[in-house]
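As structure tokens, the structure follows; a few thoughts come after it.
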Amino acid sequence: MAELNFKEIEEKWQRRWEENKVFDAEIEEGKKFFLTVPYPYTSGPLHIGHGRTYTIGDMIARFKRLQGYNVLFPMAFHVTGTPILAIADSIAKGEEEVVERYRDYVSIYEDEEKVEKIINSFGNAENVADFFADRISEDFKRMGYSIDWRRKFNTTESMYNKFIEWQFKKLYDKGVIKKGKYPITYSIEDDSAVGEDDIEEGDINKVSIIEHTTIKFKLADDSETYLIAATLRPETIFGVTNLWINPAARYVKVRVGKENWIVSREAAEKLGYQKEELQITNYKLQNEEAGGGFFIGKKVKEPVEGREIPVLPASFVDADVGTGVVYSVPAHAPYDYIALEDLRREKGLEIAPIKIIDIEGYDLPAKEICERMGIESQEDERLDEATQIIYKDEFYRGVLNEKCGDFAGIEIAAIKDEVKDWLKGKKVADVFYETSRKAVTRGGGKVIVAVLQDQWFIDYTPSWWKDMGHKLVEGMAFYPEKYKAYMQDIIDWLALRPCARKRGLGTRFPYEKDWIIESLSDSTIYMALYTIVHLLRQLPVDALDEKFFDYVFLGIGDAGELAKETNIDADTLNRIKEEFEYWYPNDLRHTAPPHLSNHLVFFLMHHAAIFPERGWPRAITLNELMIREGRKMSKSKGNVIPLAKVSELYGVDLYRLYCAINADFGSVVNWREQDVDALRRRFNALVELFEQSIDTGAEELREDELTHPDRWLLSKFYRKLRDSIERFDAFKIREAGINMVFNLMNDIRYYEHRESEERRKRIVRNLMDDWLIILSPIVPHICEEIWHKNRADRKLEFVSLQTLPEIKEGFIDDRVEREEEYLVSLIGDTKEIMKIARIKPSKIYIYTAEEWKWEIFRAIRDLPDKDKIKEAMQLRKDKSTVDFVKRVMKSNLAYFELNESEILEREKEYLMREFGCEIGINAEYDPKGKKKFAIPLKPAIYVEE
RNA sequence: GCGGGGGUAGCCGAGCAUGGACAAAGGCGCAGGACUUAAGAUCCUGUUCCGUAGGGAUACGAGGGUUCAAAUCCCUCCCCCCGCACCA
């Protein structure tokens, strides 16, 4: 048999599909199916993990075609946002790490001599985007995806900008586009917002924004000036005994409104990015910063009761965390307790802790935790841990005591925010944002929290919107189903989202042109554009204004008038509108769970807001990600395989099969070379099975020559086919695939053992066409190849365009399958006996159950266990009846009528072949008295040496 | 912390929603055999323990409970993974 060249086969069929426009979708009679997968971001090559989602999407598209749907499966490219711009900037600056990475990326696709030139062009973001968009298109074609490529676009095209502007106008009209303050992570050095990608180790050690509460302590000798302490536990203010200042740090005075605030120099800088009214002046008249020591020993007034408390030195205070001023609650904060202990030892200073929280198991929590953990110095690293423990315990179990005024008797968890608000109301507290850890950007710039004063948001909080979102989700299907409830929660949780930035590629914000629409907010309803994009290309961009889209998408306005205004004739307008209305809604969006709480929820909410109900999406399916050899794939680990290499390294169909079979949607696919190899052998064996039937010119079996094993295999085949179609339709592609590859192959192997290789070749011929059709969504290239090889006259009849095979129900035969199971278990039992008794048989005697046993078997089959013996004894009063019924109960055999001796007589020859000896059926000869052990469906066996 | 998902044999991984045929599919690995000059591939057999007749014992994170019966239901505990936003 000739070795198949998979690569050639892939290319051949991809070419023919393209030449014959097999996947170009046009309006047709009958049912339609519009499937989308999120467009890829074109900052670099995709890897096999990304490929999983697109591949599954393609399988669904292909399956739906077989089901008779007119399928639209389009693709576009996402370019908007900051990363591509950042990459281009880095390359323009010549940052070696980035340049090196992109050299590697480009080398995946290009010969070495071209690489440098292409990299040089990458100083321009557009070139990066275009290069990878082109390559990813090629990758997708090479993966055999059944995409209608005429509808390809990217998100920086002016046509797209027009569409996004329209979207924002619709949202603005609904009153959900707003302006306000918002804290973000920010780099002073770069003068811009920074995200996870921009932060050093931001991907593995996330930086989040933490809200501290600042509390003002008035200096006793200066009524306009306050030391500003920051805390995460404002409710502990009732227990404050002193302030802490780090003598080694530098402090400055800043002017906030009419007050002077004293904070660390570092904090002053951060405050400058958070409070617009802030002015910085240096402390002391001689225009110098003050060392922390300047304040030591001064008195301040705590703001609740106005007690005077001292300012004391502490080394644990970090000038770069919070304000560099900390208030001390030694009863409940381990750091404070230990620092005071130090002072007591060194200076003899006695300050009594003020206990304000009652909690079971503690008297003075800070003291006890330190003693328990053996902490004695404020340099001890375990203080953090001790603080955590106390914080947690007190938060959930602690109750404020009588020292806390109106808040006494209430649990911390329930009252924390109220205390904070109360302090804010008294004008003694304010908000200060801090990063959850110290962080720098990848360029080394310090990351702080800045508060944007005029950030644009989408406000998802209006209840009308949430209600619509819930309703939309309620009417949708999700697979895996658990994500439906999860999505409802996400909708509730969704609040304000900034929707524009100052930087990045994208559409200008229509209401303030120096803002650019943020890239997730511009990717919410773009599926609608797929339906008409190929038609829009023939129109002048200027015509694509609000009225145009209102008409096409919402049916608002009049074609005749619009034609006059836009210079597009009314027929064209209607043609476009019709195309949209034909394809919409999006019947299925297939993606991966990381999109749930961002892209997908926006996708749903924006549809709910903008489109009428008939335009709402119908279903979402999600597949988990892919790992490799048990580990996450990542650039830094260097363990990614580019999608572009799949064909060369593995073959596309093998990859697709692996994606289909290795894991269900809800589980991670583990790409393991060992398993891939094993699957390759299976896959090759399957292909060979088909090839052999074709090459030898084996003929189909005629119905009148079918034997029992033939009927058995046909029954198995059509049962599995029926089952697999059901499962595929329910997106259980893995189960369908395992059924149609692994399990069927096992059946055929068994069949061949039962019959012969020759006959196997013939019967495969009977099944081949039906089998190829159901396999074609998963491994389309090889199916197409064999489909055509099988019948040379097929030419343009692609397997990809067939309809699902008819299930030949007549072949599905319980009896035939039961009979075969009966034989298999008989043979298994016999072999078991031979093994245990270590006998080489000269003859094997098989005794089927006598008729009375069958009668009782029938009579008691539906009775509960406890009644079985009683019933049986009424039918036949004999001790052997009891033994028999016990054996039946133990054996757990499902009732089924079989004529055992008839089967055995028929298969006698097969049994002889199997055991290589004589077989006696129901003989009188029974030297060891085995006969009595026979029960229905489980004959007694005697093996003679 | 909040929300979600898990812990199954040497490994990966089904099954658990509707408890019973579950010593637990399938794959990998390992061992033996057939084939081969050999290797690979393929096929067969085995892979918790005991057993010279198809059987028995112990097992599905740990510990309890419900039941005639639990990997499957209930409770408690331990451990692991994911998301928590402005980022594609």
Side-chain angles (χ1 to χ4, degrees), chain A residues 38-43 78-84 182-185 193-199 202-203 206 208-209 388 391-392 395-396 413 452 455 457-458 480-483 485-486 489-490 492-501 504 518-521 523 593-599 601-602 624-625 629-630 632 661-664 666-668 670 672 674-675 677-679 681-682 684-685 688 734-735 738-739 741-743 746 749 752-753 825-826 828-839 864-866 889-894 928 930 933 938-943 945:
Chain A
Y39 45 27
Y41 190 71
T42 60
S43 60
H78 196 198
V79 177
T80 41
T82 51
I84 291 180
Y182 202 74
I184 53 163
T185 47
V194 292
E196 189 181 297
D197 291 341
D198 308 317
I199 295 171
D203 47 341
K206 236 178 115 51
S208 51
I209 295 172
Q388 288 288 322
Y391 182 93
K392 229 186 218 177
F395 185 78
Y396 290 104
L452 297 180
Q455 173 67 49
F457 297 102
I458 300 177
E481 280 170 34
K482 63 179 177 184
Y483 289 123
Y486 186 42
D489 289 346
I490 293 171
D492 285 332
W493 156 88
L494 198 61
L496 294 174
R497 184 187 161 88
C499 62
R501 315 181 82 181
E518 181 273 327
S519 62
L520 283 185
S521 305
S523 303
H595 284 141
L596 279 161
S597 61
N598 44 62
H599 165 68
V601 70
F602 305 144
E624 269 296 342
L625 306 177
E629 308 293 346
K632 236 176 170 163
I661 277 181
N662 183 272
D664 188 22
S667 304
V668 170
N670 188 1
R672 297 204 299 186
Q674 196 181 52
D675 292 350
D677 276 343
L679 187 67
R681 293 197 294 270
R682 289 281 176 143
N684 289 346
E688 188 159 339
R734 174 174 196 257
E735 291 177 18
I738 286 177
N739 230 350
V741 178
F742 284 69
N743 296 345
N746 286 345
R749 191 193 299 165
E752 184 173 329
H753 170 78
S825 70
L826 173 64
D829 284 350
T830 310
K831 285 187 173 166
E832 174 91 2
I833 291 166
M834 283 157 56
K835 197 185 95 194
I836 288 163
R838 294 173 198 157
I839 294 170
D865 275 5
K866 54 185 175 191
M889 276 160 37
K890 216 161 63 180
S891 69
N892 262 329
L893 288 164
K928 293 275 167 73
K930 299 288 183 192
F933 294 124
K938 197 168 168 66
I941 300 161
Y942 170 57
V943 182
E945 270 199 282

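Proteins come first, then strands; the chains are lettered A, B, ... in the order of their sequence lines, and each starts at number 1.
Straight-line distance from the CE atom of A/M834 to the C1' atom of B/C44: 14 Å, rounded to whole Å. Rounded to an integer number of Å, the gap from CD of A/E735 to C1' of B/C16 is 13 Å. Going from atom NZ of A/K835 over to atom P of B/U45 covers 12 Å, rounded to whole Å. B/G4 atom C1' lies 13 Å from atom CH2 of A/W493, rounded to whole Å. Atom pair A/K938:NZ and B/G54:P shows a separation of 9 Å (rounding to whole Å applied). Whole-Å rounding puts the A/D492 CG to B/A85 P distance at 17 Å. To the nearest angstrom, P of B/C82 lies 13 Å from OH of A/Y486. If you take OH of A/Y483 and C1' of B/G5, they are 8 Å apart, rounded to a whole angstrom.
Look at the P atom in both B/G1 and B/G46: the space between them is 49 Å, to the nearest Å. If you take atom P in B/C79 and the same atom in B/A85, they sit 25 Å apart, rounded to whole Å. Comparing the P positions of B/G15 and B/C73 gives a spacing of 13 Å, expressed to the nearest Å. B/U76 sits 15 Å from B/U66 when the C1' atoms are compared, rounded to a whole Å. Nucleotides B/G51 and B/A57 place their P atoms 16 Å apart, quoted to the nearest Å. As rounded to the nearest Å, B/U72 and B/C2 have P atoms that lie 26 Å from one another. As rounded to the nearest Å, B/U18 and B/A71 have C1' atoms that lie 16 Å from one another. Rounded to a whole angstrom, the distance from the C1' atom of B/G26 to that of B/U47 is 16 Å.
Listed here is the closest heavy atom pair of A/G630 and A/N670: N-OD1, 2.9 Å. Between A/Q455 and A/P498, the closest heavy-atom pair is NE2-CB, 3.3 Å. Considering all non-hydrogen atoms of both residues, A/D664 and A/R734 come closest at N-CD, 3.2 Å. The minimum heavy-atom distance between A/I209 and A/T185, with the atom names listed, is CD1-N, 3.8 Å. Taking both residues in full, the closest heavy atoms of A/E624 and A/G666 are given as CG-O, 3.4 Å, listed atom of the first, atom of the second, then distance.
Nearer to the 5' terminus of RNA chain B, by closest-nucleotide assignment, is the contact made by A/N670 (compared with the other of A/N670 and A/H595). Toward the 5' end of RNA chain B, the nearer of the two residues A/P594 and A/D829, judged by each one's closest nucleotide, is A/D829.
The nucleotide B/G51 finds no pairing partner, because no Watson-Crick or G-U wobble arrangement with both distances shorter than 3.5 Å includes it. Remark: B/C30 base-pairs with B/G46. Criterion, Watson-Crick or G-U wobble with two distances under 3.5 Å. Across all strands shown, B/C35 forms no Watson-Crick or G-U wobble pair with both distances under 3.5 Å. B/C77 and B/G61 make up a base pair, with Watson-Crick or G-U wobble contacts both under 3.5 Å. With a cut-off of 3.5 Å on both pairing distances, the Watson-Crick or G-U wobble partner of B/G3 is B/C82.
By the salt bridge (Lys or Arg N to Asp or Glu O under 4.0 Å) test, A/D675 is found to be paired with A/R672, residues two or more places apart in sequence or in another chain being considered.
Within 4.0 Å (heavy atoms only), A/A485 reaches no atom of the nucleic acid at all. No contact: A/A685 has no heavy atom under 4.0 Å from any strand. Within 4.0 Å (heavy atoms only), A/H78 reaches sugar-phosphate atoms of the nucleic acid but no base atom. Using a 4.0 Å heavy-atom criterion, one finds that A/P939 contacts the bases of the nucleic acid, with or without backbone contacts as well. Base contact: A/L496 has a heavy atom under 4.0 Å from a base atom. At a threshold of 4.0 angstrom between heavy atoms, the contacts of A/K482 are confined to the sugar-phosphate backbone, with no base atom among them.
Atom NE2 of A/H78 and atom OG of A/S43 lie 10.5 Å apart (nearest 0.5 Å). If you take CG on A/L679 and CG on A/N684, they are separated by 9.5 Å, rounding to the nearest 0.5 Å. Summarising the geometry, atom CZ belonging to A/F602 is positioned 7.5 Å from atom CD1 belonging to A/I458; distances are rounded to the nearest 0.5 Å.
Between A/S667 and B/C12 there is no side-chain N or O to OP1 or OP2 distance below 4.0 Å.
Note: A/Y483 and A/Y486 have tilted aromatic rings, judged against thresholds of 30 and 60 degrees for the angle between ring planes.
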ask   = In B/S/- notation, 5' to 3', how is nucleotides 25-30 of chain B contacted by protein heavy atoms closer than 4.0 Å?
value = -SBSS-

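Across B/G54, B/A85, B/G83, the shortest atom-to-atom separation from the side chain of A/S597 is found for B/G83. When each of B/A53, B/A85, B/G54 is scored by its nearest atom to the side-chain atoms of A/L494, the top-ranked nucleotide is B/A85.
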